[in-house]
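In what follows, every heavy atom counts, from backbone to side chain, and hydrogens, waters and symmetry copies are set aside.
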Amino acid sequence: YPAGLKLAKYLHSQHQTAEALAVTAMLQRNNPAFPDAYLLEALIRIQNGEGRKAEETINRGLMYNPDNQGLKKLQKKI
C-alpha cells in the first residue's frame, strides 16, 4: 500500500494525473478502509481545480473512515 501511494505521488509530480488517479482508485478498491488514498486523490483533484470531485472523494473516504481527522479537516477547506 505505501508503494502505491508513493507511485501515485510520483506520477502526479510528473504531471501524469490520470495515471495517479487510477492508482488511488485501485488502492481504494483494494483497501477501502485506508484513508490515505482518499486524501491523496482529493488533494490531486483540488490542485486540478476539481473541487466537486474532491468533495465526492472525501465523502467516500468518510463513509469508511468517519472519524478520520485528515479527511474532516480537508472537507472544511473545500
Check: [Y] and [X] side chains under 4.5 Å, non-hydrogen atoms:
X	Y	value
Lys76	Lys73	no
Tyr64	Phe34	no
Gln28	Arg60	yes
Tyr1	Leu27	yes

Point to revise | Test: Glu55 and Arg52 ion pair at under 4.0 Å | key: yes
Check your understanding: In terms of side-chain geometry, is the basic nitrogen of Lys53 or Glu41 positioned less than 4.0 Å from the acidic oxygen of its partner?
Key -> no
Review point. Are Gln47 and His12 linked by a side-chain donor-acceptor pair shorter than 3.5 Å?
Key: yes
Return the minimal non-hydrogen interatomic distance between [X] and [Y], and the atom names on each side.
X	Y	value
Ala54	Ala42	CB-O, 3.6 Å
Ala8	Leu40	CB-CD2, 3.6 Å
Ala33	Asn65	O-OD1, 2.6 Å

Roughly how far apart are [X] [atom1] and [Y] [atom2], rounded to 0.5 Å?
X	Y	atom1	atom2	result
Glu50	Glu56	CD	CD	10.0 Å
Ile58	Met63	CD1	CE	13.5 Å
Gln16	Leu21	CD	CG	12.0 Å

